[in-house]
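Below you'll find the structure, written out as structure tokens, and then a few comments.
Values below: every heavy atom of this structure, side chains too, minus hydrogens, waters and symmetry copies.
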Amino acid sequence: PSAYLNLGDPSVLSEALRHIARRCYEGVTTRLPPVGSVKLQRIAVSSYSRSGAILSTLLSNPRKDPAFMNDSLREVYAFDVMLDEYDGKTVVKTKKQGYDELWTKLKTWQGQDPDKRIRLYSAEPGTVSGVYQELIQRLKSHGGGYHNPSVKFSRFNGALRADGSRYSGL
């Protein structure tokens, strides 16, 4: 698990992606190009659940690889990221506080570039309530996406799973 924490460093992530691209090229052509010849273009990163912390770290370190963060990274997807923090038994940061911090970092990364896409998915309306206040206006400014207030976040609450247990807490 500690190896993945380094992916929050843009220079490490971009290097890893270049090596993956080299190996893919080698698999198709049987030639391995030099790392320096690999140009990253439209990159999308995605996080789910606790990996949201790695995404948050990535967005906190744009100066470690400005070309990657400004030119290559074009899309960010966050699926039910959980950014709460505990110090032993004490809550140091709530889910809402963590999500609000992530949202601030995402807006800074996106700036006024409508080609940089942010996609957020959450089943916890309380966690993302601060984002709702800005979402409609940002969608008008940056285009794409949508907000569908008719989707009921709690539609799974109390529903039966295949094994007979119930969904809860969403």
Determine whether Ile54 and Trp109 fall in the same hydrophobic cluster, where Ile, Leu, Val, Met, Phe, Trp and Tyr are linked whenever their side-chain heavy atoms lie under 4.5 Å apart. yes
Determine, stepwise, if the pair Leu58 / Val76 fulfils side-chain contact (heavy atoms from CB on, under 4.5 Å). CA-CA 11 Å; Leu58 178 72; Val76 173; over 6 Å; no
Trace of the side-chain contact (heavy atoms from CB on, under 4.5 Å) decision for Leu59 with Leu106: CA-CA 7 Å; Leu59 294 166; Leu106 284 166; 3.5 Å; yes
For Arg22 and Pro33 the tightest heavy-atom approach is NE-O, 2.6 Å
Looking at every heavy atom in both Ser14 and Phe68, which two are closest together, and how far apart are they? CB-CD1, 3.5 Å
Closest non-hydrogen contact found for Gly52 with Val81 is CA-CG1, 3.7 Å
Taking the basic N atoms (NZ, or NE/NH1/NH2) and the acidic carboxylate oxygens, is any pair closer than 4.0 Å for Arg42 and Glu75? yes
Closest approach of Ser11 to Lys64 (non-hydrogen atoms, all atoms of both residues): CB-O, 3.6 Å
Arg31 side chain to Gly27 backbone, donor-acceptor under 3.5 Å: no
For Tyr48, look at atom OH and say whether over 12 heavy atoms of other residues, nucleotides or ligands are found less than 6.0 Å away. no
Same apolar cluster: Leu102 and Met82, side chain cutoff 4.5 Å: no
Smallest heavy-atom separation, Ser56 atom then Lys105 atom, equals OG-NZ, 2.7 Å
same_hphob_cluster(Ile43, Leu55) at 4.5 Å side-chain heavy-atom cutoff: yes
Are any side-chain N or O atoms of Thr94 and backbone N or O atoms of Gln97, one a donor and one an acceptor, separated by less than 3.5 Å? yes
Evaluation steps, side-chain contact (heavy atoms from CB on, under 4.5 Å), between Thr104 and Asp100: CA-CA 6 Å; Thr104 298; Asp100 288 346; 5.6 Å; no
Salt bridge flag under 4.0 Å for residues Glu26 and Arg23: yes
Do NZ/NE/NH1/NH2 and the carboxylate oxygens of Asp84 and Arg50 come within less than 4.0 Å? yes
Is there a path of hydrophobic side-chain contacts, each under 4.5 Å between heavy atoms, that joins Leu83 and Tyr77? no
Begin from the C-alpha positions of Val38 and Tyr25 and carry the test side-chain contact (heavy atoms from CB on, under 4.5 Å) through to its verdict. CA-CA 10 Å; Val38 176; Tyr25 186 84; over 6 Å; no
Is there a path from Phe79 to Ile118 through hydrophobic residues (I, L, V, M, F, W, Y) whose side chains come within less than 4.5 Å of each other? no
For Asp80 and Ser122, work out which heavy atoms get closest and say how close. OD1-CA, 2.9 Å
